[in-house]
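One structure is given here, and the rest of the page talks about it.
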Amino acid sequence: MEKFLSYVPLLIEGLKVTLAIFTCALVVATLFAIVAGTVRFSGPKWLSRPVAALVEFFRGTSCFVQLFWCFYALPLFGLTLTPFMTSVIVLGLNVGSFGSEVVRGALEAVPKGQIEAARALNYSPLKSFLHILMPQAMRIAIRPAANLMVDLLKLTPLTSLVTVNELTRNAMVMRNQTGSTLGTLLCIFAVYFLLSSLIYFVMNRLEVHFIHRKAVRAASTRVAA
Amino acid sequence: MIWNTDFAISILPKLLKGLLITLQATAGGTLLALVLGLVLALSARSGSVLLARSAYGVTELLRRTPLLVHLYLLFFALPEIGIVLPRLTAGILALGLHTGSYMAAVYQSGIDAVPKGQWEAAQALGYSRFDKWTRIILPQAIPMMIPSLGNYVLLMFKESAILSVIAVPEAMQTAMSIGNQTYRYFEAVTVVGLLYLAISLPVAAALRALETRLAVTRQ
């Protein structure tokens with residue numbers, strides 16, 4: 001037990017890196033998902049075709065293969081990134097590709113009458129997109145987004161294979177030095193489970209918050225009318 | 001010149017052999033996942049609180065934790081308590097458990113999509129519990145699920161590359177060992193990526209077509 005405890009700082013160090021990858025990749029994924037999803041929803045063909053090809057490429061192979069490909073291939077093209085940066089970009093674009101389909105689906109799920117009403121009220125296309133379409137689509141996308149965030153978290157251990165010192169890698173170091181495999185692995189198993197549960201908890205709260213607020217607003221307008 | 005076409009072609013037979021192991025692992029994992037998913041879904045819909053709770057617990061434990069950690073647990077930790085699994089078996093188990101937890105949700109929504117009248121009719125006609133499931137509910141539910149189940153099989157096929165970390169000689173592991181021997185990782189990993197795409201893109205397109213057709217016939 002004593003021996004076990006002395007490795008806790010190592011695991012916490014790893015957890016910090018895992019959270020850093022998760023956060024950075026989440027930013028990349030969100031941006032990519034919104035841009036690519038919007039382009040595929042309403043962009044011009046010359047732009048949406050290549051975006052679709054990129055998305056299909058990322059969806060057609062596993063993150064694992066993409067990670068190794070970028071790790072070995074990018075330096076050959078003169079692009080030398082740290083393993084951390086490579087991981088953030090690959091994980092971000094991979095999850096972002098799946099996210100772009102969510103965004104596209106959510107945009108398509110907003111009733112057409114909303115856009116027509118915005119046009120009737122003389123909203124500019126940009127304004128109707130930002131103020132009418134996006135807020136409603138976001139609400140629809142919260143639940144699938146929560147699943148994708150958990151998927152992203154579950155992809156972070158792959159970065160240990162391209163030498164990023166995150167939680168799983170540090171746990172394997174600890175395993176080699178303490179000789180206790182089961183205890184170490186169950187420990188990080190629990191950590192990942194708690195982190196995923198936290199993501200679901202926060203996203204559920206967010207969903208309740210938005211839908212509740214919408215319901216309250218709807219009720220108050222009914223009263224006013 | 002960074003890309004050597006002759007070399008890429010010369011490693012193709014080896015990689016195809018690896019791909020065969022990949023397909024083998026996917027087939028084994030699919031079988032396990034289909035059974036596990038069904039068991040979990042039936043437990044969740046069994047009406048027994050204890051069964052339903054434990055099915056939920058198992059599903060969520062598997063779904064909220066990374067596949068790599070499952071693989072490490074099965075391959076590195078189980079020997080500590082006296083269970084030593086061959087590499088491929090550990091890999092198939094990890095893939096099957098992980099995907100099975102996702103398939104449970106697919107089965108559940110498929111079962112829920114069977115119209116209420118069918119359940120009532122089965123009851124009214126005096127079908128036993130077993131006959132109700134095997135003759136009325138599942139035969140109607142399963143065809144609707146095929147595209148979703150297929151998507152998870154495809155996902156598993158792609159994810160099986162991860163088995164290379166425990167040195168299962170599948171496609172990705174073959175590519176890595178070619179890289180180790182020749183230092184030509186670029187060709188090896190690129191060709192493997194193309195092989196994955198060559199299988200996953202047509203299958204994904206076929207599943208989409210099937211989904212559309214099922215949606216049309218249902219209407």
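In what follows, every heavy atom counts, from backbone to side chain, and hydrogens, waters and symmetry copies are set aside. Each chain gets a letter, A, B and so on, in the order its sequence line appears, and its residues count up from 1.
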Q: Taking all non-hydrogen atoms of both residues into account, name the closest pair between A/P157 and B/L68 and its distance.
A: O-CD2, 3.5 Å
Q) Based on non-hydrogen pairs under 4.5 Å, which of A/C63, A/A73, A/S197 is most in contact with chain B? A) A/S197
Q.
Nearest 0.5 Å, please: how far is NZ in A/K154 from OG1 in B/T65?
A. 6.5 Å
**Q.** Any side-chain heavy-atom pair of B/Y196 and A/Q66 under 4.5 Å
**A.** no
**Q.** Spacing of CZ belonging to B/R63 relative to CG belonging to A/N147, to within rounding of 0.5 Å
**A.** 6.0 Å
Q.
Within the 4.5 Å heavy-atom criterion, are B/F76 and A/L182 side-chain neighbours or not?
A. no
Q: Check whether A/R59 gets within reach of chain B through its side chain, its backbone, both or neither, counting any heavy atom under 4.5 Å.
A: both
(Q) Please classify the contact of B/S160 with chain A as side chain, backbone, both or neither, using a heavy-atom distance under 4.5 Å. (A) neither
**Q.** For the student: nearest non-hydrogen atoms of A/F189 and B/L73, plus distance
**A.** CD1-CD1, 3.8 Å
Q: Please round to the nearest 0.5 Å and tell me the distance separating atom CG of A/L194 and atom CZ of B/R64.
A: 10.0 Å
Q) Which heavy atom in A/F193 sits nearest to a heavy atom in B/E60, and how many Å separate them? A) CE1-O, 3.7 Å
Q: Please report the C-alpha distance between A/Y72 and B/M176 in whole Å, then the side-chain angles of each, then the deciding distance to 0.1 Å, and finally whether the side chain to side chain contact (heavy atoms under 4.5 Å, CB included) criterion is met.
A: CA-CA 11 Å; A/Y72 288 116; B/M176 297 307 278; 3.8 Å; yes
Q.
Taking every non-hydrogen pair under 4.5 Å, which of A/Y200, A/F64, A/Y192 racks up the most with chain B?
A. A/F64
Q) To the nearest 0.5 Å, how far apart are OG in B/S200 and CZ in A/F57? A) 10.5 Å
Q) Relative to chain A, which segment of B/A204 carries a heavy atom at a distance below 4.5 Å: side chain, backbone, both, or neither? A) neither
Q) Taking all non-hydrogen atoms of both residues, which atom of B/V189 and which atom of A/V65 are closest, and how far apart? A) CG1-O, 4.1 Å
Q. Which distance, rounded to the nearest 0.5 Å, do you find between the CH2 of A/W69 and the CZ of B/F186?
A. 5.5 Å
Q: Verify the neighbour count for atom OH of B/Y183: are there more than 12 heavy atoms of other residues, nucleotides or ligands below 6.0 Å?
A: no
Q: Give the member of B/I81, B/V192, B/T190, B/L154 that has the highest number of heavy-atom pairs under 4.5 Å with chain A.
A: B/T190
Q | Distance-minimising heavy-atom pair for B/K158 and A/G60 | A | CD-O, 3.2 Å
Q.
Is A/L76 in contact with chain B via its backbone, its side chain, both, or neither, using a 4.5 Å heavy-atom distance?
A. both
Q | Pairwise distance CD(B/E80) to CZ(A/R175) - rounded to 0.5 angstrom | A | 8.0 Å
Q) Contact part of A/T61 toward chain B, heavy-atom cut-off under 4.5 Å: side chain, backbone, both or neither? A) both
Q | Check: B/L201 and A/E56 side chains under 4.5 Å, non-hydrogen atoms | A | yes
Q. So with a 6.0 Å cut-off around CE of A/M85, is the heavy-atom count from everything else above 12?
A. no
Q: Indicate whether the side chain of B/E159 and that of A/S62 have a donor and an acceptor atom separated by less than 3.5 Å.
A: no
**Q.** Which atoms of B/I162 approach chain A - backbone, side chain, both or neither, heavy atom under 4.5 Å
**A.** both
Q: For A/L185 and B/A77, work out which heavy atoms get closest and say how close.
A: CD1-CB, 4.0 Å
